[in-house]
Structures are given as C-alpha cells and as structure tokens.
Amino acid sequence: MFTIEKLSSLEILDSRGRPTLQTTCRLAKGFEGTASVPSGASTGKAEALELRDGDAKRYRGLGCRKAVQNVNETLNRALAGRAFTGQTELDASLIKIDGTGNKSAVGANAILSVSLAFARAAAHQGSVPLYRYFADLLGSPLQSLPRPTINLFSGGKHAGGQSPIQDVLVVPTSARTIDEALAMTFDVYQSAVELIARQYGMRALTADEGGLAPPFNGPEAMFEDAVASIRAAGFEPGRDVSLAIDVASSHFYQDGCYLLGQETLDSAGMIERLTNWVGRFPIVSLEDGLAEEDWAHWPELKARLAGRALTVGDDLLCTNPQRIQRAVKANAADTLLLKVNQIGTLAEAMQSYQLARSAGWRVTVSARSGETEDNWLADLAVGWNGDQIKVGSITQSERLSKYNRLLAIEAETKLPMVRWPGA
Ligand code: 2PG
Ligand code: MG
C-alpha cells in the first residue's frame, strides 16, 4: 500500500519561460517523488484542460497559481492520509475529485503533477527505477528502448509560422543503439547548421524545441535541406537516416480546406500532396497529415501511406481512449502519438496505450513543445516499450535531459533499441 502523507506544489517555469507545476508527493513511509508537467503550444481541441490563472497582469494570464493551490489545498485535503493499492486507484480518485470530463475543475496540469509525483514516490518505496515501475504498471516486461526521432527543422506554431508545417525530424533508422542514434543525429544537425549559414545567411537560431528555423521557401525546401544535411553528414538518406514529419495540419485547416502557404487544398488535394512528398522524400512517419476534425479522410490517407510511412495521430487522437477507439474502428491511423498531459493521468494514458497496442498500432511517446528539465518521459517510453520517442532537437537542456536519461537507461539495462520496420 502507498499512503499519501502530503502533496505540495510549486509554480516553476518551462522552457518557454511560462509557468507550470512542480509537485512533490510524500508517502507515509518517508518516500518522496517530485515531478514537473509539460505544456503544448500546438494543442489539439480535445485535450484535457490546462488550468491557467487568466490574470492578464501576471505572465499574460498564463500563471498557474490556481492549479498549484488546487494541489496544495483541494487534492492534499482529499488525499492526505489515504492509502492506495497503486497508481490506477490513485488516478481514479483524482478523476473522481475533479468530476468533469476534461479535468477543468482542478486542472489537468494539477492532476497530472500529482499522478506523476506519486509514480516517482511509489517507485522509491518499491526500490525500483522509474522505468521498471512503469513496466510493472503495464504488467509487461521491459523489452526494448524507443528509437529517437529528433527535431531538425521547425515551422508552424513552434517557429512563428514562417513555414506551414511544424516539424521535420531525423529518424536514424540504421542506428542500433541510443548512443549511435544520437551521435548520427549530431552530425546531421551540425551539417544542417552549416547548410543554413550558407543558404540563408543565418546563425543557428532555433525554435521552441531547438529545431533550426530559417525562412524556408515552403515544405519541399525543408525536406530538400534535410536530405542535403543527411548527405553532407555522410549518410545515405532513406537507408541510414530517414525523415519523420509533423504536418500539424489542424492549425492551417479552415472551413474544410488546408491553407498550405499560398495554396488552398481540399482534403483530396492534401492527401495527394502528402503522398507526393512521401514518394519524393525519405519520409517514413507522417503525423497529423490531416486535421483533427477531418475524420472522413483519415482512412484514405492511411491506406495511401500503408507500407511506406506511419500514419501518426496527435491532435486527431489527443491520447484520448474514446478518440482512439473511434480511429481504430475507422481504420484512420496506425500509430498513436502518446502525450500524457493531453489526457491528464498515467492510468488513462495507459488505457490509450493499450487500445493502440491491441489494434496492432505502433506508439510514439512524445514530449511537448514547452518542457522542463524533468526526465520522466524517458522512463515512461522505456517502461511502456514505446517504438519511437519524440523529444525535440539535440540541443537545449529540457530536451537533452530526456536523451541523457535514455543514455543512462541504455547503459544500465543494455536493452536493445526497437528496430525500424523493414530496416
Ligand atoms: C506536437 C508537439 C510536440 P506541442 O505537435 O507534436 O512537437 O507540439 O507540444 O506544441 O503540441
Ligand atoms: Mg504533433
């Protein structure tokens, strides 16, 4: 049993300098766990509610004092002194105390901070590393390490909209270890820095997730520059290193059309464009190619990409079990982008994970564009046998804290990295 003695939370700042929560859970036996929650910018409409103060005079309304107070008062009052069999029971209580469908009473940020802090404290009480705690929660043995997909170029909401699509990521498909994947990516990233200096006359100015963000002349230019950077680093595009893209198309979808730069495409036109990109460039994973409301066209996109690139749902699914069930039934995707703060508790994220797995899907465990130095995500991706992990670029400490944790877990466990399908 795990008896909560005290929950206490603090407002801290994330990688964009915006407030978020860091919460500590102390158990009666003296074991403690502390965890911080991330925050998205290109959020899906179906995400659980992140509670912000809305006081325009402080952090432009983004303060988290109410959410902190909800942990220190509401949740602490309700949970201190109570004994739980484990994570699932705690998370069920958190959901019940909030009592809304989208966690808007207490705030998904407040709730998740407690869910995660409890996980760390419980792992300490059980004397197990956090990744093993997550594996035990899932009831599945540790099998593998996730393959990093690493941000190279940024656009969309993470880079002031200078290019319509949001992320171009490097997938080191031939790497056999995390160590090798990161070393390969470093070379590609440095080649891209040099290419951008030559081509755009720009220093390595980076976007929210550390991706390079020059004024690309459209998405194709992003892919061409990525391929050129892979080559310049001495790798064969499509064999050693491939690309993953997050189109994040919900954010340029209006009145049933996609406003892609100067062009306006309907759904059929957008699917044509996406399959054309996958045919011309070594793109092996395509996230949010269509918008979160464009349910009717996702099955066609998935059918067209099958065997060539993963059809990844982020805004479409929002790590929400109901939306995942709908997508499975409609055959709308084959990969879940798993972001725990989209749903708000570990137990519900696990339910999402299990639904995706039982449909035979792959899982990409993902960070948010607003992150902290906390590294629980790396443990989660290992514990739940994620196929891919998406953390951002190979710069900035809030990103590197996760990669560095993966390196430590790799050294400790000697687990193999998941193979890329067909590699
Ligand atoms: C995404 C994420 C991470 P955000 O769209 O996949 O890149 O962005 O956290 O802003 O939603
Ligand atoms: Mg996304």
Side-chain angles (χ1 to χ4, degrees), residues 15-16 38-44 146-173 181 185 188-189 192-193 196 204-216 218-227 229-230 237 241-253 258 260-261 273-274 277-278 281-292 305 309-317 335-339 342 364-371 377 388-396 398-399 402-403:
S15 54
R16 281 188 279 246
S39 171
S42 90
T43 47
R147 185 170 297 268
T149 61
I150 302 159
N151 199 296
L152 184 66
F153 296 144
S154 295
K157 292 211 160 197
H158 297 168
Q162 100 292 18
S163 164
I165 76 165
Q166 186 179 288
D167 309 310
V168 174
L169 305 106
V170 164
V171 189
T173 44
T185 304
V188 176
Y189 190 92
V193 167
I196 275 155
L205 299 177
T206 59
D208 288 6
E209 298 189 9
L212 299 161
F216 294 108
E220 275 100 347
M222 291 173 101
F223 310 145
E224 278 158 15
D225 290 349
V227 167
S229 304
I230 294 169
V241 181
S242 296
L243 300 176
I245 63 174
D246 183 0
V247 183
S249 65
S250 302
H251 305 287
F252 55 84
Y253 184 67
Y258 293 88
L260 188 65
R273 184 61 51 89
L274 296 168
W277 289 345
V278 170
F281 301 100
I283 297 168
V284 293
S285 172
L286 199 152
E287 178 182 335
D288 282 351
L290 296 176
E292 61 200 331
L305 297 180
L310 303 176
T311 305
V312 186
D314 172 14
D315 292 352
L316 176 78
L317 305 171
T335 304
L336 166 67
L337 196 86
L338 184 125
K339 290 168 165 168
Q342 284 182 322
T364 299
V365 177
S366 175
R368 300 305 307 244
S369 50
E371 271 293 336
L377 190 83
Q388 291 84 234
I389 184 167
K390 176 184 168 189
V391 166
S393 87
I394 188 162
T395 59
Q396 305 183 178
E398 81 280 6
R399 313 286 149 196
K402 281 75 164 172
Y403 294 130

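Computation of the quantities below employed the complete heavy-atom set of this structure, encompassing side-chain atoms and omitting hydrogens, waters and symmetry-equivalent molecules.
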Show the numbers, then the answer: is there a side-chain contact (heavy atoms from CB on, under 4.5 Å) between Arg368 and Gln342? CA-CA 10 Å; Arg368 300 305 307 244; Gln342 284 182 322; 3.4 Å; yes
Any side-chain heavy-atom pair of Pro148 and Val391 under 4.5 Å: no
What closest approach, in Å, do Gly289 and Ser249 show between heavy atoms, and which atom pair accounts for it? O-OG, 3.1 Å
If only atom types and distance count, is the side chain of Gln162 paired as donor or acceptor with the main-chain N or O of Pro214 below 3.5 Å? yes
With the side chain counted from C-beta on, respond yes when Phe281 and Pro219 share a heavy-atom pair under 4.5 Å apart, and no when they do not. no
Identify the two heavy atoms, one from Arg273 and one from Leu260, that lie closest to each other, and give their separation to 0.1 Å. NH1-CD2, 3.8 Å
Report the distance from atom CG of Leu338 to atom CD1 of Ile389, rounding to the nearest 0.5 Å. 10.5 Å
Close side-chain approach of Leu286 and Trp277, heavy atoms under 4.5 Å: no
Any side-chain heavy atom of Thr206 sitting closer than 4.5 Å to one from Leu212? yes
To the nearest 0.5 Å, atom OG of Ser163 lies from atom CD of Glu220 at 10.0 Å
Does Thr149 reach the main-chain N or O of Val171 with its side chain, forming a donor-acceptor pair under 3.5 Å? no
Shortest non-hydrogen separation from Phe153 to Ser229 and the atoms involved: CZ-OG, 4.3 Å
Please verify the inter-ring angle class for Tyr258 with Tyr253; under 30° counts as parallel, over 60° as perpendicular, anything in between as tilted. tilted
Distance only, no hydrogens: is a donor on one side chain within 3.5 Å (strictly under) of an acceptor on the other, for Ser369 and Arg16? yes
Identify the two heavy atoms, one from Ala41 and one from Lys157, that lie closest to each other, and give their separation to 0.1 Å. O-CD, 3.8 Å
Please round to the nearest 0.5 Å and tell me the distance separating atom OG of Ser15 and atom CD of Gln396. 7.0 Å
Measure the spacing between OG of Ser242 and CD1 of Ile283 and express it to the nearest 0.5 Å. 10.0 Å
Do side-chain atoms of Ser366 reach the backbone of Leu337 as a donor and acceptor pair under 3.5 angstrom? no
Indicate yes or no: at least one non-hydrogen side-chain atom of Ile165 is less than 4.5 angstrom from one of Phe223. yes
Is the closest side-chain donor-acceptor distance between Thr395 and Ser393 under 3.5 Å? yes
Would you indicate whether the side-chain heavy atoms of Ile230 and Leu243 approach each other to under 4.5 Å? yes
When Lys390 is tested against each of Asn151, Asp314, Asp246 for side chain to side chain donor-acceptor pair (under 3.5 Å), which residue passes? Asp246
Donor on one side chain, acceptor on other, Ser285 and Gln388, under 3.5 Å: no
dist Ile196:CD1 -> Leu152:CG (nearest 0.5 Å) comes out at 7.0 Å
With no hydrogens and no angle check, just 3.5 Å: does a side-chain donor-acceptor pair link His251 and Asp288? no
Quick check for you: to the nearest 0.5 Å, what is the distance between His158 atom NE2 and Ser42 atom OG? 4.0 Å
Would you find a donor on one side and an acceptor on the other, under 3.5 Å apart, between the side chain of Asp167 and the backbone of Leu169? no
Would you check if Ile150 and Tyr189 make a side-chain contact, meaning some heavy-atom pair closer than 4.5 Å? no
